[in-house]
Amino acid sequence: MTQLDLSATERKWQERWEKAKLFEAEPLARKKFMLTFPYPYMNGFLHIGHFYTLMRVDVLARYKRLQGYNVLFPQGWHCTGSPIEAAAKRIRDKEPKQWASMRKMGFKEKEIEAFADPEHWTAFFPREAKIDYQRMGMSVDFRRSFITTSLNPYYDRFIRWQFRKLKEKGYVTKGEHPVVWDPKLNMPVGDHDRSEGEGETPQEFLLVKHRLDDDRYLVSATLRPDTILGLTNIYVHPDYDYQEIEIETAAGTEHWILGESAIKRLEEQDWKLRPVGTIKGQDLIGKETEEFGDRKVPVLPATFLDPEVGTGLVHSVPSESADDLIALWDLKKDEKLQKKYGLDKEMVAQIEPIEILDLKGIGGNPAKHFLEKYGVKHQDERKKLDRIRAELYKLSFYNAKFGSIYKGVFGRDIVGRPIQEEMDYVKEQLIEQGWAAILYQLTGRVVSRNLNECIVKIVRDQWFINYGDPAWKELAREALRGIRLYPEKARAQFEHVIGWLHSWACAREYGLGTKLPWDPQWVIESLSDSTLYNAYYTVAHLLTKMPLDKVNDALFDHILLGKGTAPSKEAEQMRKSFTYWYPVDFRNSGKDLIQNHLTFYIFNHVALLPRKYWPRGIGVNGWVVIDGQKMSKSLGNMILLRDMADKFNVDPSRLTIMSGGESLDDPNWDSGFAAAIRNKLIAFHDFCLTHHGKGNGPAKETPVDAWMESRLNSIVKETTLAMEETLFRTASQKAFFELNQDLRWYLKRTNNRPNRSLMDRILESQVIMMAPFVPFLCEEIWEKLGKKGFVSVASWPKHDDKLIRPELDALEKTVADSVQDIQQVLKLAKVETPKKLTLFVASPWKYELYALLAREMKATRNPKELIPRMMAKESIKKHGQEVMRILQRILKSGRIPEAVSSEKEEFAALQDARVFLQEEFGAEIEVIRAGETEESKAAAALPGKPAILVA
RNA sequence: GCGGGGGUGCCGGAGUGGUCAAACGGGACAGGUUCAGGGCCUGUUGGCUUAGUGCCUACGAGGGUUCGAACCCCUUCCCCCGCACCA
């Protein structure tokens, strides 16, 4: 047989499918199944990460087709957002890194230049993606493909319709929020546009005001406003120059005193302010400030302050901050210093930490606890103090509860409540009562790709989708209850996300996309324009045949909501298409998308469409690792689809990735497996051709046939079950490897004379079951077996429960074991060509067991007593494991089976296998039951398996 | 820290109270078939041993429940996803 050319086979069937329009789906009388894969982002070639998730959709699509469903699997291409536009700009700017990455993708210099235009990306990559899809055998209806953004006016109108609807329903609101900003380019800077500071975000500090008697305010910054009642004093650095400013606040014009860097930030964040003068820190020392909660506290000196951090001055909470407490202790001890600043010794001595929070296991003064734990003696021990600060902050924020001092302080009682849950409330209250304001600060230095130092900017007039709306959340929860999840264990995560999701900034000032219909300076961002578009697939190919001016809100209202009478025949057809295909039966993505995209998807569906069109099934999966290594750009181990197909061929790649893992586990791409499986698949092809239609065994069914029949039915059953659960690893494992193993044994057992009709049925079933995984190869085999039509649309095999007989497995195992036993005995006896082999079937210890059991069970049926009594007997204890198994079965059923019955069956099975054993060993085979002859009585003294006598 | 998912042999991974030294697969080693390579077939692949039976040590670590635990309970360590405005 000539070697099968996999590449040629791939091309051949890809062309035939396309010619036959096999995957182009239109409404039919048949039941439907619609599947989608979130459109991939078009800033590069598709890679193995896409492949795995995508394969889960394609395999299920193909399976459902075999089940007789009318299947729709469409695919669009995502272009919305800043990455494409930003990358194009970097090409224009000749940024070396960007150019290098394009070269790595295999582009020549000339070709790269074309990518300076964003539209080149949105034209080029979708085209290439489609080529990859087809090559990888994705059973997609490409007539419905599209790109997003205003570059596609049809889709653009759909998104505008969607957003007008959301706004009508009151789900779109306006607000403000902080972003990382390049002040020179006047542009927000996402994580990928940074040359330094990836992962740094704006952090919300609370500015807390402390009123001096002349109505000026000292302003401190804190991340822990929850500790406000523990405030005992203010610390200023004596040598530092503080600035006084006049600032517009909600309460009017105020005078604030704080450090210079904070003033810069205030200005950046759009505060209106004017410098008034400078005040040296030491001039503030000894003054008193009025605080929230009607208290007065002194201003004291401290040298641990860093003028760049916060406002350069702090309010001291010695019970919750080790820095504050040690500074206080130091000051109390240092009478010289007190004298220097004219502080009243008594006053200083009286300052004590105030217990405000309750930290489990530590109490109300964790600062003291930590200082003692680490043995800190002085505020200059920075290393220890830094460590304490980090540790204490986390511990306190996440584990502490508000103490009784907070009783009646705010409108709502928060005593005993966890800090992290009430923090926002406390913040709100302080701001509302005029004691505080918000200032953002970056968690670390951020430098943009253009090498500008970035700042925090407050974006005003930001549009949000209000996923925090309680009634909306309730609908989403309801929808989730009706959604089938693959796997079910992802449900907890979805529930949790619906719970904490709140407003989502849904528009950007920069990037490709659809403009907000009512505020066109804003572009809808990528996670917001991808939430309802599955509905668009149902009509995409019809819609684009319409003149654009007819594509309006009224049309979408009719198609998607059934409003009004159809404005045209086309509209009627589209309405029909939508109502036929919707809802989506299966949408699959990586597990990371649970927290945004997939949940948004649920929210938008429940907001806009009637119940019967809410999503029906959602699949999530893990992240691909490559040969055990995490996939990443920096490791350079990303595998592009096209490279994978070149190197391993398509079908082997498909089976490899599906064998790598399932459920939420991260699937492993095993290159070694891919190389090995390639040969196994070719062998599968050859095997089918060799054995199909050529079985030459007896037409009558033999016991081995019954066993094989049982195995086939059982494997079909289990495979079907696994397919239904999208457990594709399990399914392919059973349909391919397990069935192959059984087949090998079956062939051997029948001395290569299998039952013809059974053999044909097995092979055909296997080819069909494998078709979702290795479709090209299966089509090829199918054709060569002389079957009509495409295997892609054949009928999935059915099983018959009556034919599944697990007891036959045990007997077949007896036969298999006896082969091994004989081999060993022959080896031992050093006989190569035996004339005659006598097998004695006997399990004497079982007789003993059952007899003893019958006696003991009269005394007790309680396993606690029964089991030790049985085990007391040496001869039985020897077979402990098996005895326990038997006991358990008996205790469950309450009946003691006859020991001889299993022996009887074993005897029959071995009798039946005589022909097989005779050929296997070239010797006459005799099977004798224990006790029938003198020799067998001796043999019966041996435990367990059949004894063997060689002649 | 929180929410979610995990930790099993050289590797990928089955297994959730007794047929477990652990399915299935990969890899490695040995033998057979083949002109050769590939493929295919057979065997071995925790330790000590045996002709076979056997014994010991193992399922991240420690403890507990049980006649019996990879599996149930408690404690603890580690890994992955997410904690957002980024696709």
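Convention: sequence-line order gives letters A, B, ...; per-chain numbering from 1.
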Check: For A:Gln733, what residues pass the side chain to side chain donor-acceptor pair (under 3.5 Å) criterion, not counting sequence neighbours?
Finding: none

Item checked: Residues in side chain to side chain donor-acceptor pair (under 3.5 Å) contact with A:Arg224, at least two apart in sequence or another chain -> A:Asp226, A:Ser396

Write down the distance between [atom1] ([X]) and [atom2] ([N]), rounded to a whole number of angstrom.
| X | N | atom1 | atom2 | answer |
| --- | --- | --- | --- | --- |
| A:Ile594 | B:A87 | CD1 | P | 20 Å |
| A:Asn668 | B:C80 | CG | C1' | 14 Å |
| A:Asn649 | B:G38 | CG | P | 19 Å |
| A:Tyr52 | B:G12 | OH | C1' | 13 Å |
| A:Leu501 | B:G82 | CG | C1' | 12 Å |
| A:Leu527 | B:G82 | CG | C1' | 14 Å |
| A:Arg678 | B:G37 | CZ | P | 19 Å |
| A:Phe687 | B:C41 | CZ | C1' | 13 Å |

Next item on the list: Do nucleotides 22-32 of chain B as a string where each nucleotide becomes B, S or -: B if the base has a protein heavy atom under 4.0 Å, S if just the sugar-phosphate does, - if no protein is that close.
Entry: --BSSS-----

Checklist line | A:Thr122: partners by side-chain contact (heavy atoms from CB on, under 4.5 Å), with sequence neighbours left out | finding: A:Cys79, A:Ile84, A:Glu119, A:Ile147, A:Leu151, A:Leu512

Next item on the list: Would you indicate what A:Asn596 reaches in the nucleic acid, counting non-hydrogen atoms under 4.0 angstrom: base, sugar-phosphate, or nothing?
Entry: base

Check: If you look at every strand shown and take non-hydrogen atoms under 4.0 Å, does A:Ser503 touch a base, only sugar-phosphate, or nothing?
Finding: base

Would you mind pulling out the nucleotide paired to [N], Watson-Crick or G-U wobble, both distances under 3.5 Å?
| N | result |
| --- | --- |
| B:C72 | B:G64 |
| B:A87 | none |
| B:A14 | none |
| B:G3 | B:C81 |
| B:U53 | none |
| B:U34 | none |
| B:G43 | B:C29 |
| B:C59 | none |

Please give the distance between the [atom1] atoms of [N] and [M] as a whole number of Å.
| N | M | atom1 | result |
| --- | --- | --- | --- |
| B:G9 | B:A58 | P | 14 Å |
| B:G13 | B:C72 | C1' | 24 Å |
| B:A70 | B:A61 | P | 11 Å |
| B:C10 | B:A23 | P | 14 Å |
| B:U45 | B:U50 | P | 15 Å |
| B:U76 | B:C81 | P | 24 Å |
| B:G60 | B:C55 | C1' | 26 Å |
| B:C20 | B:G46 | C1' | 13 Å |

Margin query: Using every non-hydrogen atom in the two residues, find where A:Lys174 and A:Trp463 come nearest and quote the distance to one decimal.
Written below: CE-CZ2, 3.7 Å

Checklist line | Within 45° cone and under 6.0 Å: A:Arg711 NZ/CZ vs A:Tyr746 ring | finding: no

Next item on the list: Look at the side-chain N and O atoms of A:Asn679 and state whether any lies under 4.0 Å from the OP1 or OP2 oxygen of B:G39.
Entry: yes

Notebook entry, point to check: Has A:Ser82 got a side-chain N or O lying under 4.0 Å from the OP1 or OP2 atom of B:A87?
Noted result: yes

Check: Between the main-chain N or O of A:Phe600 and the side-chain N or O of A:Thr531, is there a donor-acceptor pair closer than 3.5 Å?
Finding: no

Next item on the list: Kindly say whether A:Phe773 contributes a backbone atom to a donor-acceptor pair with the side chain of A:Arg654 at under 3.5 angstrom?
Entry: yes

Atom pairs and distances, donor-acceptor, side-chain atoms in residues 667-675 of chain A, under 3.5 Å, two or more places apart:
from     : atom 1 : to       : atom 2 : distance (Å)
A:Asn668 : OD1    : A:Asp627 : N      : 3.3
A:Asn668 : OD1    : A:Gly628 : N      : 2.7
A:Trp669 : NE1    : A:Ser671 : OG     : 3.4
A:Asp670 : OD1    : A:Gly672 : N      : 3.0
A:Asp670 : OD1    : A:Phe673 : N      : 3.2
A:Ser671 : OG     : A:Asp627 : OD1    : 3.4
A:Ser671 : OG     : A:Asp627 : OD2    : 2.8

Next item on the list: Evaluate side chain to side chain contact (heavy atoms under 4.5 Å, CB included) for A:Thr599 paired with A:Phe494, printing each intermediate quantity in order.
Entry: CA-CA 7 Å; A:Thr599 304; A:Phe494 272 103; 3.8 Å; yes

Notebook entry, point to check: Any side-chain donor-acceptor pair under 3.5 Å between A:Asp592 and A:His597?
Noted result: no

Checklist line | Stepwise ring pair (Phe, Tyr, Trp, His ring centres under 6.0 Å) check, A:Tyr533 with A:Tyr39 | finding: CA-CA 10 Å; A:Tyr533 72 94; A:Tyr39 39 35; 3.7 Å; yes

Pick out the pairs of N or O atoms, protein on one side and nucleotides 3-6 of chain B on the other, that lie under 3.5 Å.
from : atom 1 : to       : atom 2 : distance (Å)
B:G3 : O4'    : A:His496 : NE2    : 3.4
B:G3 : O2'    : A:His496 : ND1    : 3.2
B:G3 : N2     : A:Gln493 : NE2    : 3.1
B:G4 : O4'    : A:Gln493 : OE1    : 2.8
B:G5 : O3'    : A:Lys489 : NZ     : 3.4
B:G6 : OP1    : A:Lys489 : NZ     : 2.6

Next item on the list: Output yes when A:Glu812 and A:Arg749 qualify as a salt bridge under the 4.0 Å nitrogen-oxygen rule, no when they do not.
Entry: yes

